[in-house]
Amino acid sequence: MSSRLNEQRKPDPIDFNVGRKIRTHRRLLRMSQTELADALGVTYQQVQKYENGRSKISVGRLQAVANVLSLPVLSFFENSPDSADRCDARLKTGQSLAEFASGPTGIALNRAFARITDKEVRSAFLGLVNRIAEQEDKREGGRSQQRRNERDA
């Protein structure tokens, strides 16, 4: 029976996805849970529950969150969990791209990149990162082929 209770307590994928987007945008604005909670008239614990998908958020409250974060409400529903699971590549760390982007490194990278105003510098930086990633892929591909060859020998 306890496993049934645990299964019932899992957040709904849509609630989880909406909560993750709330957390990501709040963090991008460098806003604390307490600051968001104060703006909404709820406790920071309630904001935690929204962000974890453990508590469903009403349409009115979601509109209030969108207003505080200066976002359209629809932005919380773009790329539903189903499409994100199908389209979101798994990184070598096992994280999805969305998990990486909403984590500390992803947020820091996005903040720093957003401060670069020169389009040529942005383009050069993106090219550099892509070349580094391609080199990693080639090295990893070579290691994978080598492991297959060793296994087959």
Point to revise | Val65 vs Val73, side-chain contact (heavy atoms from CB on, under 4.5 Å): CA-CA, chis, key distance, verdict | key: CA-CA 8 Å; Val65 170; Val73 172; over 6 Å; no
Exercise for review: For the residue pair Leu62 and Phe77, establish whether any side-chain heavy-atom pair is separated by less than 4.5 Å.
Suggested key: yes
Practice item. List the steps and the verdict of side-chain contact (heavy atoms from CB on, under 4.5 Å) for Lys21 and Thr24. Key: CA-CA 5 Å; Lys21 289 181 180 188; Thr24 299; 5.5 Å; no
When you measure from the side chain of [X] to the backbone of [Y], do you find a donor-acceptor pair of N or O atoms at a distance under 3.5 Å?
X: Asn17; Y: Pro13; result: no
X: Glu35; Y: Ser32; result: yes
X: Asn52; Y: Arg54; result: no
X: Arg26; Y: Leu36; result: no

Out of curiosity, [X] [atom1] to [Y] [atom2], how far, rounded to the nearest 0.5 Å?
X: Leu69; Y: Phe76; atom1: CG; atom2: CZ; answer: 5.5 Å
X: Ile22; Y: Met31; atom1: CD1; atom2: CE; answer: 12.0 Å
X: Glu134; Y: Asp137; atom1: CD; atom2: CG; answer: 7.5 Å

Point to revise | From Arg27, Gln33, Arg20, residue fulfilling side-chain contact (heavy atoms from CB on, under 4.5 Å) relative to Glu51 | key: Gln33
Point to revise | Exercise: do Asn67 and Gln63 side chains pair donor with acceptor under 3.5 Å | key: yes
Practice item. Flag yes if Val129 and Ile107 sit in one hydrophobic cluster, no otherwise; membership is Ile, Leu, Val, Met, Phe, Trp, Tyr, and two members link when side-chain heavy atoms are under 4.5 Å apart. Key: no
